Amino acid sequence: MPLIPRGRRRATTVAAACSLTLALALGSQAIAAPPSSSPSPTADGATADGAARQYEVGGLATRAERTELARTGVAVDEVRHGSVVVTADAAEAERLRDLGYELDALPSTRQAAAPEDYATYEEVLAAVDEAVAQYPDLVSSQVIGQSYEGTDIVAVKISDNVADDEDEPEVLFTHGQHAREHLTVEMALYLLADFTSQYGADAELTEYLDTREVWIIPSVNPDGKTYDTASGEFQMWRKNREPNAGSSAIGTDLNRNWAYEWGCCGGSSDSPSSETYRGPSAESAPETQAVADFVRGRVVGGEQQITTHIDWHTYSELVLWPYGYTYDDTAPGLTQDDADTFAALGTAMAETNGYTPQQSSDLYLTDGTIDDWMWGDQGIFSYTFEMYPTSEAEGGFYPPGDVIDRETSRNREAVLLMLEYADCVYRIIGAEAEYCAA
Ligand code: 0X9
Ligand code: CA
Ligand code: CA
Ligand code: ZN
C-alpha cells in the first residue's frame, strides 16, 4: 500500500487545462486569472503585488558572465544557450535593468500545478510516522533540530536492524533546502515508499538495505515550504523564514550558509534582500546548523560514517559535484583522484536518468553550498541533483502533480548506484586497493 494515498493529489484540473489553452491562444500576458499559483502579470510584466517572478536575461553565454550576474545577488534558476532565467521581484528587476541587463518577464500562467498537488510538511511527517509504525524493524525517525519557527526537522533511518548502529556505510539524502522545490520533498516520500514496500521483494534493494544505513531528511526547510503554499497560491519562495536584523527582508539562502569557504568568492550575497543571502555568519540558520550537527554526529570512532550524499533540488535535470566555489578541477582537499571519482560516479548516475553531469561551477560560482561543505569539511562524496523539468516552460519550480510519480521514480537507478558504491566510491575508478583496503 502506498504511504501517500494517490487520491490526495489533484489531477490537472479542467480549469487549469483551459487556462493553459487560453494562454497559448491569447499570448502569455493576457490572462486575467491564472488557474492557481503565481501573481498575475500586468502589462509591463511586473507583478501586481511586487512578488518575485521569473525573467529571462539575455546576452550571457559563459560561466564567467553568469557568475557576474549571480554576483549581483540574483538566483539563477536555469541556464540556457546564451541566456539564463532568474527569479526577481520588481525592485530587483529594475536594479538589474539599471545595471544594463536585458530582462524579459516570463509567463507564470504556464504553471499547471496547485499547492495541493504536493504533500504538506504535516503530511510528510504523517507518512514518516506511518512508515515507522508499519516497518518498525526497518524504519526509525528522530528529530535532529528545529527550524527558525520551531518546527521539527526530522531524519529517517532505513536499514535492516534499524535500531542498531551497525558498522555499515551510511548514505544521506537531503531534500527541500529551497522552499519552492516541492518535487524534491516528493522524492523523499518516493524513496521512503519504495524502500519500505520493496524491501524483501526487490533482491538488489534488499541487499543494499541489509548492508548500508540510509538517512533521509525529507525537508531541511519546513518553514519555507509551508510559507510557499499556505496562502493557496505559490509564493516562489526560496529561503528560510528567519528575519534579518536591520532589514525588513526575510530569510537566508540555506544553500549559501554552509561553513566551507563561506562567502569566499562572490558566489553568494551579503544583502538580506537577496535571494542568495548567505546569512550573517556560516551556519547562522538553525536549519543549516541542525543538519550540520547531525552530520558531524555521524563521526564514530573518528570516522565519518556517511560516505555518499545527494542534496535534491529543482530544476534543470543536472547531476552536479564539488567544488562550486572555484572553477578549478582540483583544489585543497580535492585531488585529481577525487575529482575523477566524483566525475565517474556522477556521470554513471546521470546515464541512468538522462540528466546532464558536470562540476557545479561549470554553471556559475556558488559558495557556502552544502555539497562543498560535505566534501571539503566531512569527506563525503556529495552531489546536487537538479530534478525535472529542464525549463520554465515545462513548469519550472511548479510542474503539475501528474508528473510526480514519473519524475521521482526516474531517479531510482541513480540512487541504487550510489548505494552500490557507498562502501568504496573510489572503486568506480579502480582505485579501491589504494583507498579502501581494510
Ligand atoms: O543555486 C543553487 O543553490 C542551486 N540551484 S537552485 O535553482 N536549485 O537554487 C545550484 C547550486 C549549484 N552549485 C552547487 N551545488 N555547489
Ligand atoms: Ca543495518
Ligand atoms: Ca552505522
Ligand atoms: Zn535549489
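Both ligands and their constituent atoms are indexed starting at 1 by order of listing. Position 1 is the first residue of the sequence; numbering continues from there. As the structure is a prediction and not an experimental result, all values here were calculated from the model.
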Q | Metal site the Ca ion (ligand 2): N/O/S of Asn161 inside 3.0 Å | A | no

Q: Would you mind finding which of Arg256, His178, His313 brings a heavy atom closest to atom 1 (O) of ligand 1?
A: Arg256

Q.
Is there a polar contact, in the sense of an N or O pair closer than 3.5 Å, between Ser360 and ligand 1?
A. yes

(Q) Under a 3.5 Å threshold, yes or no: a donor from one side chain and an acceptor from the other, between Tyr323 and Gln359? (A) no

Q. Hey, is ligand 1 close enough to Asp77 that some N/O pair sits below 3.5 Å?
A. no

(Q) Just by distance, no angles: are the side chains of Asn257 and Ser284 close enough, under 3.5 Å, to form a donor-acceptor pair? (A) yes

Q) Where does Thr314 meet ligand 1, judged by heavy-atom distances below 4.0 Å: at the side chain, the backbone, both, or neither? A) backbone

**Q.** N, O or S from Glu168 under 3.0 Å to the Ca ion (ligand 2)
**A.** yes

**Q.** For atom 9 (O) of ligand 1, closest protein heavy-atom neighbour
**A.** Arg238 NH1, 2.5 Å

Q: State the CH2-CD1 distance between Trp312 and Ile216, to the nearest 0.5 angstrom.
A: 10.0 Å

Q: With Arg406 as the cation and Tyr388 as the aromatic partner, state whether NZ or CZ is under 6.0 Å from the six-membered ring centre and within 45° of the axis.
A: yes

**Q.** Glu181 N/O to ligand 1 N/O under 3.5 Å
**A.** yes

Q. What residue and heavy atom of the protein are closest to atom 11 (C) of ligand 1, and at what distance?
A. Asn255 ND2, 4.1 Å

Q) Relative to ligand 1, is Trp375 under 4.0 angstrom through side chain, backbone, both or neither, heavy atoms considered? A) neither

Q) Closer than 3.0 Å to the Ca ion (ligand 3), do we get an N, O or S atom from Asp167, backbone or side chain? A) no

(Q) Are Tyr135 and Tyr199 an aromatic pair, judged by ring center distance below 6.0 Å? (A) no

Q | Angle, O of Asp160 through the Ca ion (ligand 2) to OG of Ser159 - 10° precision | A | 90°

(Q) Less than 6.0 angstrom from the centroid, inside 45 degrees of the normal: does Arg180 satisfy that with respect to the ring of Phe397? (A) yes

Q) Can you tell me the protein heavy atom closest to atom 5 (N) of ligand 1 and the distance? A) Glu386 OE2, 2.8 Å

Q. Aromatic rings Trp215 and Phe294: how do their planes relate, parallel, tilted or perpendicular, breaks at 30° and 60°?
A. perpendicular

Q. Just by distance, with hydrogens left out, do Glu168 and Ser159 show a side-chain donor and acceptor under 3.5 Å apart?
A. yes

Q) What N, O or S atom of Asp165 is found closest to the Ca ion (ligand 3)? A) OD1

Q. Mind checking whether the Ca ion (ligand 2) has an N, O or S of Glu166 under 3.0 Å?
A. yes

Q.
Using every non-hydrogen atom in the two residues, find where Asp270 and Arg278 come nearest and quote the distance to one decimal.
A. CB-NH1, 3.3 Å

Q) Within a reach of under 6.0 Å around CD of Glu432, are more than 12 heavy atoms found that belong to other residues, nucleotides or ligands? A) yes

Q. Would one find an N, O or S atom of Glu213, in either backbone or side chain, under 3.0 Å from the Ca ion (ligand 2)?
A. no

